[in-house]
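Working notes for the structure below.
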Amino acid sequence: MSCRIYFGIFLILISLPFFSCADSETDVVSASSTVIFDFKDNDSAPSARLAVFLQVTNEVQRTESITVTNEETGYIWNISNPGIFTGMNKKYAFSLNLSAPEGENIPKGSYKVKYSTADGEEDEIIFLVNYNEKLLTSTTENFKEFLTNASENIAVYDDSDELLFMGKAKSTWKTNAAILKDYRVADKKRACFVTPGNTVICMLPEQKLKD
């Protein structure tokens, strides 16, 4: 699935408080993460990705790279030219698709992020990852058993996977026809379940809106 689809998830996250470990006046003031479980079908276990978000105080356009290290396993992700976003008087650098090495899972626990700018400035910050490991082998039938107080949202896309809507389903959307009335170019939808603090998001398989 393309990064454009996951970007809709990012739009949910940026309005919420971030976990901060900064103890001085630095370029990076906070860091947060989300484990994304992506169900391709109803019978298979999901794939898992880690999304990382940094709120920065400098000109975010100067961002050059982010290096994410899991303290326990030593896994390292080097992200050149990470995504940047400015909105609501806040600035973010982010990466949405960090995968574990083949055959391994996204580690839980402490991670360190090194943030680097184009003019050589660097800063480091810590964030934590936590999720129920039973999600790794779950299916669409039982994944809710391993989530706590998750809220259901809906993502609507056109036929090129561009995101048209992300959030709580409108009260009028009782049928697919009602969604198509509001978004005529819509082609598919996905239900997504988000835990408090956005630590985990489960994306269910896509469903066609048109016969």
Side-chain angles (χ1 to χ4, degrees), residues 1-38 47-133 135-136 163 166 192 194-203:
M1 199 63 68
S2 71
C3 290
R4 291 176 299 181
I5 291 178
Y6 289 123
F7 191 75
I9 299 169
F10 174 63
L11 296 179
I12 295 176
L13 304 179
I14 58 176
S15 63
L16 299 175
F18 280 70
F19 174 72
S20 176
C21 289
D23 57 6
S24 63
E25 188 174 350
T26 57
D27 284 335
V28 180
V29 297
S30 61
S32 186
S33 67
T34 300
V35 184
I36 303 166
F37 293 92
D38 192 342
S47 61
R49 298 287 187 273
L50 182 66
V52 177
F53 311 92
L54 305 179
Q55 184 183 345
V56 301
T57 58
N58 63 299
E59 294 179 10
V60 72
Q61 291 77 8
R62 295 191 299 130
T63 300
E64 183 173 82
S65 65
I66 296 173
T67 300
V68 179
T69 303
N70 175 250
E71 304 272 71
E72 182 175 350
T73 64
Y75 293 164
I76 299 175
W77 294 265
N78 294 306
I79 304 104
S80 300
N81 300 314
I84 59 174
F85 182 84
T86 301
M88 297 175 291
N89 298 317
K90 295 181 180 180
K91 294 169 285 188
Y92 301 92
F94 63 91
S95 180
L96 301 176
N97 292 293
L98 303 185
S99 300
E102 186 174 356
E104 301 295 331
N105 300 322
I106 297 294
K108 298 197 299 185
S110 177
Y111 287 68
K112 180 170 65 177
V113 184
K114 183 171 76 173
Y115 171 79
S116 302
T117 66
D119 51 9
E121 295 182 6
E122 294 184 348
D123 193 18
E124 292 186 351
I125 196 168
I126 302 294
F127 68 89
L128 301 175
V129 169
N130 190 32
Y131 62 91
N132 190 328
E133 293 179 346
L135 285 168
L136 295 165
L163 184 71
M166 184 78 172
C192 47
V194 185
T195 61
N198 301 289
T199 55
V200 173
I201 295 179
C202 290
M203 300 288 294

remark   = Heavy atoms of Ala31 and Ile126 approach each other most closely as CB-O, 4.5 Å
query = Which heavy-atom pair separates Ala93 from Val60 by the least distance, and what is that distance?
reply = N-CG2, 4.2 Å
task = Indicate yes or no for a side-chain donor-acceptor contact from Ser33 to the backbone of Val129 under 3.5 Å, with no hydrogens or angles considered.
result = no
key: side chain to side chain donor-acceptor pair (under 3.5 Å) against Thr199, all qualifying residues, sequence neighbours excluded   = Thr195
remark   = Sorted by chain and number, sequence neighbours left out, salt bridge (Lys or Arg N to Asp or Glu O under 4.0 Å) with Glu121 holds for Arg62
query = How would you list, by chain and number, every residue that makes a side-chain contact (heavy atoms from CB on, under 4.5 Å) with Ala118, sequence neighbours excluded?
reply = Glu64
Under 3.5 Å donor-acceptor, Tyr131 side chain and Ile106 backbone = yes
task = Start with the C-alpha distance between Thr34 and Val194, add both sets of side-chain angles, then the distance that settles side-chain contact (heavy atoms from CB on, under 4.5 Å), and finish with yes or no.
result = CA-CA 10 Å; Thr34 300; Val194 185; over 6 Å; no
task = Under the side-chain contact (heavy atoms from CB on, under 4.5 Å) rule, collect the residues that match up with Asn81, sequence neighbours excluded.
result = none
From CG (Leu135) to CG (Asn105), nearest 0.5 Å = 11.0 Å
key: From Leu54 atom CG to Ile66 atom CD1, the distance as rounded to the nearest 0.5 Å   = 4.5 Å
request  = Could you grab the distance from atom OG of Ser47 to atom CG of Leu136, nearest 0.5 Å is fine?
outcome  = 10.5 Å
Heavy atoms from other residues, nucleotides or ligands near CD of Glu59 exceed 12 (cutoff 6.0 Å) = no
task = Drop me the distance from Ser65's OG to Lys114's NZ, to the nearest 0.5 angstrom.
result = 7.0 Å
remark   = d(Phe94 CZ, Thr63 OG1) to nearest 0.5 Å is 10.5 Å
key: Heavy-atom check, side chain of Val113 versus side chain of Val28, under 4.5 Å   = no
query = So which heavy atom on Asn130 is nearest to which on Val200, and how close?
reply = O-CG2, 4.1 Å
ask   = Between CE of Met203 and CD1 of Ile36, what distance do you get to the nearest 0.5 Å?
value = 8.0 Å
request  = Apply side-chain contact (heavy atoms from CB on, under 4.5 Å) to Thr69 and list each qualifying residue two or more places apart in sequence or on a separate chain.
outcome  = Thr67, Ile76
note = By side-chain contact (heavy atoms from CB on, under 4.5 Å), Pro107 pairs with (sequence neighbours left out) Asn70, Thr73, Tyr75, Trp77, Tyr111
message = Are there over 12 heavy-atom neighbours, none belonging to Lys108, within less than 6.0 Å of that residue's NZ?
response = yes
task = Mind running side-chain contact (heavy atoms from CB on, under 4.5 Å) on Ile84 and Lys91 for me, showing each step along the way?
result = CA-CA 8 Å; Ile84 59 174; Lys91 294 169 285 188; over 6 Å; no
